[in-house]
2 protein chains.
Amino acid sequence: MDSATPRRRRPRADARRNYERLLAEADAVFREHGVDASLERIARQAGVAIGTLYKHFPTRLALIAALLRERHDALFARGDALLADASPGAALATWIRLVVAHAATYQGLAALFIVGPGLKAAELAEDCARLASVTEQLVGTARAAGALRPEVTSADVSALMNAAAWVHEEISADQANRLLDLAVAGMTPTGTALGS
Amino acid sequence: MDSATPRRRRPRADARRNYERLLAEADAVFREHGVDASLERIARQAGVAIGTLYKHFPTRLALIAALLRERHDALFARGDALLADASPGAALATWIRLVVAHAATYQGLAALFIVGPGLKAAELAEDCARLASVTEQLVGTARAAGALRPEVTSADVSALMNAAAWVHEEISADQANRLLDLAVAGMTPTGTALGS
DNA sequence: CAAGATAGGTGAGGGTGCCTCAACTTAGCA
DNA sequence: TGCTAAGTTGAGGCACCCTCACCTATCTTG
C-alpha cells in the first residue's frame, strides 16, 4: 500500500492567488464587521465567485482558522517563552494581555474560543487546546511562586481573558483594561497587580 | 385643540390574544435560542402570520423590550429598595447578582444592554439609563461607606456585570460567579467580598 | 510544444430569514 | 344590523447560506 506517493500536482497559480486574496479580504471584512460578516461579501470583494470561497474554505470556521494560523503560532511561541520567565507573576500578566488583545481582533472571536472543543468549532479545537494548555502552565507556575491565590484556577483566568476580550469588543479597550486590573487584583494574595 | 378625545375603540379580542401568545412564544424561543432567534419561528409557534407579529412589534427590539417591561420594573423597584439598605456593600453585592441573573436570561441580551443608548437599541435606551442610574447610586453609597476602593467607577461595575452575564451565557453560571467573586474582591479595600 | 488530465472556478438554485404592503376579515359600536 | 377601523394575511423582494453539475485554465508528460 505505498500508494502514499500520488505525486501531488503543483497547485495552480490562480488558485494560490485566489486563496491569498480571499484571506486578505476576509481579514478586512471580519475586522470591520466581526466574524459573522457575509461570506458572499468577502467573495465579492475578492473578485471571486462564492463557490470558489467554499472550495478553499468549506466552512466559515475553516476560513477563520486559516486566518489565525500564523498569529496563533506566534502567540503560542511567546507563551512558551514566557514559561521560562524569571517572574511568573509578570509572565502571566503579559500572557493575559496578549491573549485578550488577540481575542478582541474580530468581534465575536472570543465567543468562538469558548465553544472551542464543542462540535461547533472543530476547526479551532486544537488552537483552543493549546491556548488552554499554555494558560494552565503559566497559572501553575504563578501559583507555585505565590503570585496567585491558591484557589484561583486556570479556568478562572481563561474566563477572565475571554470576558475582557468581549468587553474590549463591545465597550472599549480602556474598560477591558480596567476590568482586567480589578479582577487580577482579586486574584493576587496582596490584592495588587501581578508580578509586583 | 381638544381633539385629544378620539374615543379610542376597545382593542379587538383576537388582537389581544395574539399579542399575548406572541409574547409567550417569544419568551420561550428566546430562552432556547437567544435574542437572535427567528421571528418567523415565533410567529409560526404562535399560530399567527408573520405580518401580525410585525404589526404588534415593529422591530425585534420592540418585542424584546415588551418582554422585559415587567421584569425591569420589578428589578428597578428592588434596586430602589436596596438604596435604603443598612449595608451599602451588601446592597451593591445583591444588586450585582440580580442584574447578572437578569441579563443572562436570553443569550445575547447582555450585549444589547451595552449598545443601549446607541441608535441600534432605542427601544431599550430608557431601561439602560435606569439600570445605569441605579447602579451609579448604589456604587456611590457603597464607596461613601468605604466598601469600595475610591477609584472604582460605576462604569467598572457595569462592565463587570455585563461581562459576568456574558460568561453566564457562554460558559456557565458557576464560572460567572467565580469571575464576580474575583473581580469584586479586587474592588474592595480589604480584597474580600463586599459588605463584609 | 501539444494535448490530456484534473484541480479549480462558476453561478444558478433551493432553503431560510428579514421586512413591507395591498388586499381582505372581523370584532366593536351606534 | 350593518358600517368601519383595527387587525390579519401571505406573497414578494432582498440578502445570505451552501451545494453541485458543468465549464476552464493550468500543469504535466511525451
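Residue numbers start from 1 in every chain, and the chains themselves are labelled A, B, ... in the order their sequence lines are given, proteins ahead of strands.
- Phosphate proximity of C/dG9 to A/Asn18: present, with a side-chain N or O under 4.0 Å from OP1 or OP2.
- Looking at heavy-atom distances under 4.0 Å, A/Ile50 makes contact with a base.
- By the neighbour-count criterion of 12 heavy atoms within 6.0 Å, atom CD of B/Glu20 is densely surrounded, having more than that number from other residues, nucleotides or ligands.
- Below the 3.5 angstrom threshold, one finds a donor paired with an acceptor across the side chain of B/Arg12 and the base of C/dT26.
- Within the nucleic acid shown, B/Arg60 comes within 4.0 Å of sugar-phosphate atoms alone, with no base atom in reach, counting heavy atoms only.
- By the neighbour-count criterion of 12 heavy atoms within 6.0 Å, atom CD of A/Glu126 is sparsely surrounded, having that number or fewer from other residues, nucleotides or ligands.
- There is no side-chain donor-acceptor pair under 3.5 Å between B/Asp80 and B/Gln137.
- Between the side chain of A/Arg149 and the backbone N or O of A/Thr188 there is at least one donor-acceptor pair closer than 3.5 Å.
- The closest donor-acceptor contact from the side chain of A/Arg31 to the backbone of A/Thr105 lies at 3.5 Å or more, if one exists at all.
- Judged by distance alone, with hydrogens and angles left aside, A/Arg9 brings a side-chain donor or acceptor within reach of the base of C/dA5, the pair sitting under 3.5 Å.
- Atom OH in A/Tyr54 sits about 13 Å away from atom P in D/dC20, given to the nearest Å.
- Place A/Asp14 and B/Arg17 on DNA chain C by their nearest nucleotides, and A/Asp14 ends up nearer the 5' end.
- Within the 4.0 angstrom heavy-atom criterion, no nucleotide atom of any strand lies near A/Pro58.
- Across all strands, B/Ser38 comes closer than 4.0 Å only to sugar-phosphate atoms, never to a base (heavy-atom distances).
- In this structure, B/Ala13 and B/Asp36 both approach DNA chain C, and ranking their closest nucleotides by distance from the 5' end singles out B/Asp36.
- Between the two ends of the helix from C/dC1-D/dG30 to C/dA30-D/dT1, each summarised by a five-pair axis, the helix axis turns through 10° (rounded to 10 degrees).
- Not one side-chain nitrogen or oxygen of B/Thr52 sits closer than 4.0 Å to the OP1 or OP2 atom of D/dG7.
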Considering only distance and modelled atom types, tabulate donor-acceptor pairs under 3.5 Å from the side chains of residues 61-71 of chain A, sequence neighbours left out.
| residue | atom | partner | partner atom | Å |
| --- | --- | --- | --- | --- |
| A/Arg69 | NH1 | A/Asp127 | OD2 | 3.2 |
| A/Arg69 | NH2 | A/Asp127 | OD2 | 2.9 |
| A/Arg71 | NH1 | A/Tyr106 | OH | 3.3 |
| A/Arg71 | NH2 | A/Asp27 | OD1 | 3.3 |
| A/Arg71 | NH2 | A/Leu67 | O | 3.3 |
| A/Arg71 | NH2 | A/Tyr106 | OH | 3.0 |

